[in-house]
Amino acid sequence: MAQTVVLKVGMSCQGCVGAVNRVLGKMEGVESFDIDIKEQKVTVKGNVEPEAVFQTVSKTGKKTSFWPVEAEIEPKAEAEPKAEAVTETKTEAKTKTEAKVDVESKVAEAETKPSQV
């Protein structure tokens with residue numbers, strides 16, 4: 001069964017990339033892989049077991065771990081409360097704007113009426 005395995009691999013240079021490239025190129029079942037040195041992310045697709053991919057990449061001597069799934073889920077969860085806060089702020093701003101308009105219209109009325117002193 002084809003699946004995707006994503007690893008975080010400590011790579012600092014093209015030599016590191018070459019080492020990971022070499023071991024994945026020899027691994028059975030690997031259909032394709034992508035190595036992103038900037039994000040230190042290795043994505044492997046194919047008929048492979050996650051633990052086998054992990055062990056193979058670890059043989060390079062590079063610090064290797066599974067890509068954290070929580071990191072991809074948490075920002076979405078945090079975004080929802082912020083959206084509610086923005087909605088509340090917009091509501092408060094609308095109320096303040098309406099209050100300002102009321103005050104401005106009363107000031108305008110007072111200025112146009114002759115004073116009764």
query = Looking only at heavy atoms, which two atoms of K41 and W67 are closest? And how far apart?
reply = CB-CZ3, 3.6 Å

Inter- and intrachain pairs under ring pair (Phe, Tyr, Trp, His ring centres under 6.0 Å), touching residues 41-64, at least two apart = F54-F66

inquiry  = If you define the side chain from C-beta out and look only at heavy atoms, does anything of E49 sit under 4.5 Å from Q3?
reply    = yes

key: Within residues 53-64 or reaching into it, pairs that qualify as side-chain hydrogen bond (donor to acceptor under 3.5 Å, both in side chains) - sequence neighbours excluded   = E51-Q55

request  = To the nearest 0.5 Å, tell me how far Q40 CD sits from K8 NZ.
outcome  = 5.5 Å

inquiry  = Using the side chain to side chain contact (heavy atoms under 4.5 Å, CB included) definition, which of the options V5, N47, V53, V48 pairs with V30?
reply    = V48

task = Report yes or no: do I35 and V6 belong to one cluster of Ile/Leu/Val/Met/Phe/Trp/Tyr joined by side chain heavy-atom distances under 4.5 Å?
result = no

query = Under the ring pair (Phe, Tyr, Trp, His ring centres under 6.0 Å) rule, what pairs show up with a residue in residues 6-29, not counting sequence neighbours?
reply = none

Using a 3.5 Å cut-off and no angle test, enumerate the donor-acceptor pairs between side-chain atoms of residues 11-29 and protein atoms at least two apart in sequence or in another chain.
none

task = Would you list the pairs meeting ring pair (Phe, Tyr, Trp, His ring centres under 6.0 Å) in which at least one residue belongs to residues 4-50, sequence neighbours left out?
result = none

Residue pair L7, V44: steps toward the side chain to side chain contact (heavy atoms under 4.5 Å, CB included) verdict = CA-CA 8 Å; L7 300 173; V44 181; 5.5 Å; no

